[in-house]
Amino acid sequence: MLNIAVFVSGRGSNLKSLNESVIKEKIRICAVVSDKENCGAVSYAIENQIPVFLVSQNNSNKYFSYEELLGQFKKIKIDLIVLAGYLKKIPNEFIDEYENRIINIHPALLPKFGGKGMYGINVHKAVFDSAEKISGASVHFVDKIYDNGKIIAQSFVDISRLKSPEEIAEKVLVAEHKLLPFVVEKFADQKIVINQNRIIIAD
Ligand code: GAR
């Protein structure tokens with residue numbers, strides 16, 4: 001069984017697609033972590049009885065510090081952390097503790113269109129303005145630099161006929177909803193192989 005924690009800040013459509021499509025005998029969503037109490041993703045977690053951990057760098061009764069969260073993760077034995085629209089930077093202690101066990105979904109073809117401030121519609125606007133013909137979704141390992149970790153998998157979307165960043169967002173989101181569950185299942189099956197600089201997904 002692969003125990004996962006999903007970090008969210010927004011609408012939660014990737015959380016929903018993960019929850020609905022992964023095989024429950026293999027993968028358990030043990031925690032949803034958010035920096036925002038009022039967002040679609042947290043409401044979805046509550047409705048689906050997934051434990052929610054609110055996290056903040058400031059002290060508050062309601063919120064866990066990242067250090068406390070790390071303690072909780074050890075207790076509930078989290079194997080893999082999945083960032084699905086989480087907009088805060090993950091502290092370095094987490095990255096050291098979960099080396100090659102934190103993944104992020106990004107709504108473009110990295111290494112282009114990544115980095116600080118590149119999230120959600122900002123990404124699609126940049127892609128649209130650069131007149132790219134192809135966009136897509138990337139799942140990559142998280143390291144200490146925004147959107148810099150090794151790419152695990154990508155899917156491609158033909159955007160040559162699309163007329164706005166919003167249309168690109170819509171098409172790419174459909175690809176994201178397939179790609180993220182696919183990669184998480186590969187982790188559960190131990191099919192993600194790190195071979196020096198390349199990540200290989202075995203059949
Ligand atoms: C997704 O499109 C995800 O790729 C993006 O935020 C959206 C969250 O949507 N993440 C980033 O831009 C990270 N740089 P969701 O809350 O509906 O899953």
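Whatever order the structure lists them in is the order used to number ligands and atoms, beginning at 1. This one's a predicted model, so the numbers in the text were calculated from it and none came from an experiment.
By the 4.0 Å N-to-carboxylate-O rule, K116 lies too far from D147 to be salt-bridged with it. Using a 4.0 Å cut-off between a side-chain N of Lys or Arg and a carboxylate O of Asp or Glu, E167 and K171 do not qualify as a salt bridge. Comment: D203 does not engage K191 in a salt bridge, judged by the lack of any side-chain N to carboxylate O separation of less than 4.0 angstrom.
Checked by atom type, the side-chain pair N19/Y44 shows a donor-acceptor distance below 3.5 Å.
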| message | Between Y63 and F53, is the ring pair (Phe, Tyr, Trp, His ring centres under 6.0 Å) condition met? List the steps. | response | CA-CA 7 Å; Y63 286 74; F53 296 81; over 10 Å; no
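For ligand 1, the protein residues within 4.0 angstrom (heavy atoms only) are G10, R11, G12, S13, N14, G85, I105, H106, P107, M118, Y119, G120, L173, E176.
A donor-acceptor pair under 3.5 Å is absent between the side-chain atoms of S34 and the main chain of V42, judged by distance alone.
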